[in-house]
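Each remark here refers to the structure printed beneath this line.
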Amino acid sequence: MSSTVGTAGESVTSQLTGPMTDSAATWDHDRTRLAAAGSLPPRIPQELRPPQGVGISRRLHAWHGRHLLRERRAQEFYAQSRNPVRGLPVAGWPAVADFIKTLLTRRRTLAALLLIMNGLAAIAGLVVPRILGQLVDIAAADDSVTATIDRLAVAVIGITVLQAIFTFGASVSAAIFGQDLLAAAREYIVRTVLRLPLSRVESASSGDLVTRVTRDVGTMSDSVRWGLPQAVVALITTVLTIVAMLLNSPLLALPILASVIPLWISVRRYFKRAPMGYITEGGSYSKINTSLTETVEGARTVEALGLQRRRIELTDDDVEEAAQAERYTMSLRNLLFGVIDTAYNTPLVWTILLGGLGYAHGWVTLGQITAATLYIQAVVGPLDQLISNVDRLQVGVASTTRLLGIAAVPQDREPGEDRPSNSHLLGEDLRFAYREGHDVLHGVELDLQPGERLAIVGPSGSGKSTLGRLLAGINGPRTGRVTVGGVDLVKLPLDQLRTEVSLVTQEHHVFVGSIRDNIVLAREDSFDEVVINALRTVDAWDWVSRLPSGLDTMIGSGNASLTPAQAQQIALARLVVADPHTLVLDEATSLIDPRTARHLEGSMAALLQDRTVVAIAHRLHTAHDADRIAVVIDGRIAELGSHHELIEADGEYASLWRAWTS
């Protein structure tokens with residue numbers, strides 16, 4: 001018997017200690033088992049790896065297969081990104097077209113000025129080759145051309161000066177146009193991001209959000225500021241140059257017109273495939289950011305469970321997946337530029353050959369051949385710039401679709417017309433699910449009296465924080481409703497909701513701006529007296545008044561730094577100005593060291609005075625003095641009463657209290 005007990009005890013001990021020491025091996029075993037079962041396909045298929053030790057023909061055939069597979073992966077990613085189960089979507093091309101159309105429509109004058117100045121500059125530049133061609137014809141016909149040369153030289157100088165003036169005006173108008181577009185686009189994106197439903201923001205990965213508001217905004221900015229104006233300039237110059245070639249000689253314009261056909265086919269093919277490739281690139285960068293962020297934030301857990309190798313492998317897979325996405329877009333560019341290089345070089349040769357044939361038959365003059373040759377040389381630069389900026393614009397369009405995808409996120413509430421008649425908060429039949437079919441709250445009923453202090457306690461994962469979010473109006477329940485003064489919380493406009501009920505969490509944020517700006521966010525029309533009173537309420541005016549610029553002191557990234565306690569006091573003063581009658585506290589000081597937390601408790605006490613308070617208590621000592629305590633177990637309120645009542649009942653709360661105090 002003792003032997004059996006000893007063996008069982010060793011087994012239990014092994015079960016308790018094993019996962020900590022062998023968790024990495026267990027993780028690898030699970031992944032190996034899933035991969036063997038076919039339910040965990042490799043991130044990078046073997047078909048995407050180039051063959052070794054084969055001939056040129058096999059290598060080219062394998063490259064073509066890899067290119068088609070990358071194209072299919074890009075198409076699948078784009079299709080999934082349009083309507084993802086979780087995270088933020090990607091907008092469609094019509095949304096991008098409407099966005100650009102709106103930006104341009106509101107700037108008709110600038111757009112017209114840009115077109116006119118560039119058109120005049122291009123026309124001035126095209127006159128010079130025509131004059132030189134005429135000079136060649138005159139020289140061929142008459143030996144005495146001194147007077148003619150003098151007149152043409154003066155004309156060339158005058159045209160060159162005009163071209164310089166027009167080019168300068170075009171550059172200025174392009175810069176103003178681009179910067180104005182950039183400012184409007186950024187303002188639109190910021191407004192769109194700020195309108196995002198908080199519930200949907202939290203469902204997106206941090207890496208996706210970071211990538212969209214950093215890389216994608218930067219790429220879009222580059223396209224709007226430089227790519228679009230330069231593409232317009234290059235397009236105008238190219239079109240006018242081809243028109244000038246036709247006016248000079250339709251016969252000699254045939255080579256450049258013929259080269260437009262393969263260019264058009266190649267560019268159209270590129271347009272069809274490149275956006276999906278660049279969107280896939282952006283998605284792969286989001287994965288890298290997400291993995292790195294999770295690894296850094298969970299570094300202690302990774303180290304404790306011995307998962308360092310797995311996290312490194314995950315990051316390596318993310319990087320290789322991004323490399324495959326970049327190889328696809330690089331292949332598209334190489335195919336495009338290969339056709340472009342051919343289209344650049346071929347017309348010059350054919351123009352000279354055709355010109356020689358035409359001159360021999362008297363169809364064209366030497367001056368026309370000279371002008372056509374100069375025109376072809378002149379069109380190469382603008383055409384090259386046009387194609388290069390087309391590629392830049394495609395990258396920008398892909399980033400814009402990701403940014404506009406934020407605007408495609410539907411709102412999670414529709415404000416109504418009714419307004420609360422009092423501050424009575426009531427929750428009825430509250431059910432909520434983060435995933436369909438998996439409720440974390442089950443029919444919760446809660447009636448809060450004005451001025452009451454309610455503590456919500458329970459084991460981790462029981463649904464405490466979720467209930468707090470519903471009571472604060474952050475999320476709407478799946479069934480039932482939370483009302484204040486008889487009005488559904490999710491039917492209130494957000495600016496009014498935050499003056500009725502506010503959620504205070506462990507996290508606090510200081511925005512870039514002055515201390516005054518940070519505090520009056522909830523009520524921007526607040527006077528300095530209101531701000532100072534709020535700072536006094538949370539015991540912060542003493543240190544703020546000693547700052548060199550007082551309320552005008554700039555804080556946030558790159559400015560004066562605040563201690564965690566000071567930053568929390570600024571956040572609390574912001575709440576004082578908002579003046580909600582109900583506060584939902586999700587352990588607002590739990591991430592601060594004990595000494596600082598004790599100092600902040602005085603600030604919190606002043607903030608909570610004469611308000612209804614719902615305190616989600618992860619530490620039971622904060623629940624002791626509450627008017628009532630709600631014990632949440634498995635998404636249900638198992639017990640409700642005062643501390644002494646629940647201790648005498650000797651139920652779930654009493655067990656939690658004994659475990660806590662012991």
Side-chain angles (χ1 to χ4, degrees), residues 100 103-104 106-136 149-185 221-249 252-253 256 259-260 263 267 340 343-344 347-348 351 367-368 370-393 396:
I100 296 175
L103 290 178
L104 295 178
R106 294 176 179 175
R107 291 156 184 82
R108 290 190 182 94
T109 303
L110 277 175
L113 180 63
L114 177 66
L115 294 175
I116 292 171
M117 296 302 294
N118 280 284
L120 292 174
I123 292 171
L126 295 173
V127 171
V128 174
R130 190 66 178 269
I131 292 176
L132 294 177
Q134 291 176 355
L135 180 60
V136 170
I149 290 177
D150 291 341
R151 291 197 303 271
L152 292 179
V154 172
V156 168
I157 293 173
I159 291 171
T160 303
V161 171
L162 283 176
Q163 184 184 13
I165 294 172
F166 291 144
T167 301
F168 177 77
S171 300
V172 172
S173 60
I176 295 174
F177 180 72
Q179 295 291 346
D180 192 46
L181 276 181
L182 172 61
S221 300
D222 182 63
S223 298
V224 168
R225 184 170 41 182
W226 304 116
L228 185 58
Q230 289 180 5
V232 171
V233 171
L235 179 62
I236 292 173
T237 306
T238 301
V239 171
L240 290 178
T241 303
I242 293 175
V243 171
M245 292 184 70
L246 286 169
L247 294 175
N248 175 65
S249 170
L252 298 179
I256 194 69
S259 68
V260 170
L263 271 177
V267 169
I340 291 173
Y344 284 169
L348 179 60
T351 298
Q368 288 176 311
T370 301
T373 304
L374 292 174
Y375 281 140
I376 288 179
Q377 292 296 316
V379 81
V380 168
L383 193 58
D384 182 49
Q385 188 181 48
L386 176 61
I387 300 300
S388 299
N389 279 288
V390 162
D391 179 63
R392 177 187 285 184
L393 288 174

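Along the sequence shown, the residues carry numbers beginning at 1. What you see is a predicted model, and the numbers here were worked out from it, not measured in a lab.
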So, for [X] and [Y], which heavy atoms are closest and what is the spacing to 0.1 Å?
X	Y	answer
Ala371	Pro129	CB-O, 3.7 Å
Ala124	Ile159	O-CG2, 3.1 Å
Ile165	Met117	O-CE, 4.4 Å
Asn248	Ala372	ND2-N, 3.7 Å
Met245	Leu252	CE-O, 4.0 Å

Compile the donor-acceptor pairs under 3.5 Å between side chains in residues 232-239 and protein atoms, sequence neighbours left out, one pair per line.
from   : atom 1 : to     : atom 2 : distance (Å)
Thr237 : OG1    : Val233 : O      : 2.9
Thr238 : OG1    : Ala234 : O      : 2.7

Between CD1 on residue Ile256 and CG on residue Leu246, distance to nearest 0.5 Å: 10.5 Å

Gap separating the OG1 atom of Thr167 from the CG atom of Leu120, nearest 0.5 angstrom: 10.0 Å

Listed partners of Leu162 passing side-chain contact (heavy atoms from CB on, under 4.5 Å), at least two apart: Phe166

